[in-house]
K.L.:
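Provided herewith is a single structure, encoded as structure tokens, for subsequent inquiry.
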Amino acid sequence: MREITYLEAVREAMSQEMRQNDDVFILGEDIGVYGGAFGVTRGMIEEFGPERVRNTPISEAAIAGGAVGAALTGMRPILEIQFSDFITIAMDQMVNQAAKLRYMYGGKGKVPMVLRTPAGSGTGAAAQHSQSLEAWMAHIPGLKVVQPSTAYDAKGMLKAAIDDDNPVIFYEHKLLYKTKGFVPEEQYSIPLGKADVKRLGRDVTIVATAIMVHKALEAAAVLEKEGIDVEVVDPRTLVPLDEETIIESVKKTGRVIVVHEAVKRGGFGGEIASVIAESEAFDYLDAPIKRLGGLPIPIPYNPNLEKAAIPQVEDIIQAVKETVRFK
């Protein structure tokens with residue numbers, strides 16, 4: 001199996017779907033000749049032409065509104081929002097239209113669309129281009145929310161998202177674009193709502209999302225040398241959430257830490273903690289559930305302050321040690 005980048009996996013998933021289904025097309029700002037803000041769609045306009053790789057005005061409301069209309073009339077649009085922060089400009093279209101219409105039409109209408117968007121910090125893009133707002137989207141009934149952490153997951157889950165008859169928010173962390181992984185050339189689909197255990201362990205469970213999966217795995221490698229065996233669970237999909245895999249892992253280890261980059265206050269980690277606390281896993285806990293998340297501040301431009309604003313490997317290691325030593 002060849003090794004490709006996360007970015008290439010996303011592009012390949014879209015290209016294969018577009019070759020297979022004429023109803024699939026892409027729209028967004030600068031996605032044509034320029035190839036998108038991060039180069040994900042580079043080369044696609046040469047293959048599919050401007051009708052299916054549609055450059056749009058600088059209006060996220062227009063992009064999302066056009067996608068909703070196209071989806072309602074039988075197309076399967078993939079819209080790219082250059083930075084996930086700007087989904088806020090398309091909130092009416094996504095929250096009040098895309099998320100609601102299938103329900104309001106009694107299932108007679110459907111909205112099969114995927115909103116792809118780069119998220120997260122680490123690139124020095126500062127406060128308006130570095131946020132992680134996935135918990136906001138997960139709060140809305142009718143929207144599915146996906147956060148793949150590997151190239152393999154990105155390709156398989158993007159196919160599943162495109163094939164889904166509901167609107168899907170597909171978050172791509174900026175720092176993951178250059179990461180590499182083994183990815184089949186052929187099409188494959190990873191079901192939405194199925195978590196993945198990225199590392200087996202017996203002492204403590206870390207439930208991590210997106211870039212934090214990699215930080216958790218790095219922390220686990222360090223902790224292994226100190227005799228602490230960490231299990232890392234990647235939900236991959238926030239909505240629908242695979243509660244069973246998380247609960248079974250916590251029942252096995254008896255300890256759990258939830259880690260995400262988004263601000264801790266109101267973050268999706270609180271939902272995961274509640275799922276655990278309200279399940280049979282609660283009786284297996286040997287220590288309180290611990291959450292790690294970003295500080296309640298705008299993401300700073302300064303690289304040192306930016307790093308300090310979100311959990312790092314050292315923070316995860318410290319949290320694991322505190323949890324394991326809890327009596």
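Numbering of residues begins at 1 and proceeds along the displayed sequence. Every heavy atom of this structure was used, including side-chain atoms; hydrogens, water molecules and symmetry mates were not.
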K.L.:
When you check the gap from the basic side-chain N to the acidic O, do E322 and R325 get nearer than 4.0 Å?
P.N.:
no
K.L.:
Against D153, only a single residue in R236, K194, K159 fulfils salt bridge (charged side-chain N to carboxylate O under 4.0 Å, His left out); can you say which?
P.N.:
R236
K.L.:
Under 6.0 Å between ring centres: does that hold for F25 and F48?
P.N.:
no
K.L.:
Using side-chain contact (heavy atoms from CB on, under 4.5 Å) as the criterion, point out the one residue from L79, L158, I81 that pairs with R116.
P.N.:
L158
K.L.:
Starting at CD1 of I316, measure out to NZ of K290 and round the result to the nearest 0.5 Å.
P.N.:
12.5 Å
K.L.:
Using a 3.5 Å distance criterion without hydrogens, assess whether the side chain of R202 forms a donor-acceptor pair with backbone atoms of K252.
P.N.:
no
K.L.:
When you check the gap from the basic side-chain N to the acidic O, do D164 and K110 get nearer than 4.0 Å?
P.N.:
no
K.L.:
Would you please classify the geometry between the Y177 ring and the F38 ring as parallel, tilted or perpendicular, with 30° and 60° separating the classes?
P.N.:
tilted
K.L.:
Is there side-chain contact between K321 and L223, with at least one heavy-atom pair below 4.5 Å?
P.N.:
yes
K.L.:
Go through the structure and list residues passing side-chain hydrogen bond (donor to acceptor under 3.5 Å, both in side chains) with E46, not counting sequence neighbours.
P.N.:
none
K.L.:
For the pair R2 (side chain) and P184 (backbone), establish whether a donor and an acceptor sit closer than 3.5 Å, ignoring hydrogens and angles.
P.N.:
yes
K.L.:
Does T41 use its side chain to pair, donor to acceptor, with the backbone of G35 at less than 3.5 Å?
P.N.:
yes
K.L.:
Is the closest basic N to carboxylate O distance between E8 and R11 below 4.0 Å?
P.N.:
no
K.L.:
Indicate whether any N or O donor in one side chain lies under 3.5 Å from an N or O acceptor in the other, for E231 and S249.
P.N.:
yes
K.L.:
Test side-chain hydrogen bond (donor to acceptor under 3.5 Å, both in side chains) on Q187 and E17 and set out the steps.
P.N.:
CA-CA 9 Å; Q187 282 184 302; E17 283 292 305; 2.9 Å; yes
K.L.:
Compute whether any side-chain donor of one residue and acceptor of the other, for Q128 and D85, lie under 3.5 angstrom apart.
P.N.:
no
K.L.:
Output yes when D165 and R76 qualify as a salt bridge under the 4.0 Å nitrogen-oxygen rule, no when they do not.
P.N.:
yes
K.L.:
Rounded to the nearest 0.5 Å, what separation is found between the CE atom of M137 and the CE atom of M94?
P.N.:
8.0 Å
K.L.:
Could you tell me the separation between the CD1 atom of I211 and the NE2 atom of H260, rounded to the nearest 0.5 Å?
P.N.:
15.5 Å
K.L.:
Is the backbone of V95 close enough, under 3.5 Å, to the side chain of K100 for a donor and an acceptor to pair up by distance?
P.N.:
yes
